[in-house]
Amino acid sequence: VTGEPQVIHMKTKWSWSRADFKCVDARTGQPVFKVEGKVSFNDKKIVSDANGQPVFIMKEKVMQLDDAQSVYLPSSPDTPVFKVKSNFGNTKQSLTIQTSSGEVKLTSKFVWTNTSGMIWIGEEKQGGIPIAKVTSPIEWQNFAPPESGWGRDDFFLEIAPGADAALVIAILVAYEEMNKTYE
C-alpha cells in the first residue's frame, strides 16, 4: 500500500509444467511481486514479495462445483482469508474481505479477449470506487520503456493510491486461474 498510484507490469512465463508471473514496477523495472505455480490437478499459486517472502497462497479446492479461488496466508494454509468467486463465463468476480472497520465487498469485471478490466470497492453500478485498472501492453506501448520486454500475454495494472497491490494481484491471478476453465 502506497500513497502514490502504482503501475505494475505482469510479465507472464508459461511452460508445460509452470505458470509464473513476474510483477515489476512499470516505471522503474524493479521487482514488486512474483507469482509461482505448477500446472497440476490442484493448481496452487504462491505469491511472494520482492524479497521472496510468501505473501499468500492461492488454490482451488479439488472437485468443487463453483468457480472460485481460495486465498490463504502462509502461516495458516488450511483457513482461507477470502475466496474470489465468479459468475458463469467469468466476466464478473466478487469477494468479501474482513478489515478493521468491517466487511468490504470488492467486484471486478474483465474482458478476456484483450485482458482489460476494472476492480472496484463495492458494485460499479452502485457507485463503486475504482481501485485498479487492467490494460493490455498495447495500450502502454508508447509509455513502457523498450527494454521492458512486454509480451503478448502480459498486462499492466494501474493501482490507485492507498489500494493494496497484493490484494489486486490476488484478484487478477484468481481471474486468470478461473479463466483457464473456459479455454
I need the [X] [atom1] to [Y] [atom2] distance, nearest 0.5 Å.
X	Y	atom1	atom2	value
Ser48	Lys34	OG	NZ	7.5 Å
Glu158	Gln6	CD	CD	12.0 Å
Leu157	Lys133	CG	NZ	12.0 Å
Ile8	Phe156	CD1	CZ	11.5 Å
Lys83	Tyr72	NZ	OH	7.5 Å
Thr107	Gln93	OG1	CD	9.0 Å

Common cluster, [X]/[Y], ILVMFWY with side-chain heavy-atom separation under 4.5 Å:
X	Y	result
Val24	Val168	no
Met58	Leu167	yes
Phe82	Phe110	yes
Val47	Phe21	yes
Ile169	Leu95	yes

Please report the shortest heavy-atom distance between [X] and [Y], naming the atom on each side.
X	Y	value
Ser70	Pro80	CB-CB, 4.2 Å
Gly128	Pro130	O-CD, 3.5 Å
Val55	Phe33	CG2-CE2, 4.2 Å
Pro161	Gly3	CB-O, 3.4 Å

Results of side chain to side chain contact (heavy atoms under 4.5 Å, CB included) for [X] - residues two or more places apart only:
X	value
Ala160	none
Glu103	Thr96, Gln98
Ala163	Ile131, Ile159
Val81	Leu73

Mind checking what makes side chain to side chain donor-acceptor pair (under 3.5 Å) contact with Ser76, not counting sequence neighbours? none
What residues, two or more places apart in sequence or in another chain, satisfy side chain to side chain donor-acceptor pair (under 3.5 Å) together with Thr99? Ser101
Which residue pairs pass the salt bridge (Lys or Arg N to Asp or Glu O under 4.0 Å) test with at least one member in residues 159-168, sequence neighbours excluded? none
Can you run down the salt bridge (Lys or Arg N to Asp or Glu O under 4.0 Å) pairs that involve residues 46-58, sequence neighbours left out, and say none if there aren't any? none
Please identify each residue that fulfils salt bridge (charged side-chain N to carboxylate O under 4.0 Å, His left out) with Glu123, with sequence neighbours left out. Lys92, Lys105
If you group Ile, Leu, Val, Met, Phe, Trp and Tyr whenever their side-chain heavy atoms sit less than 4.5 Å apart, what else falls in with Trp120? Met118
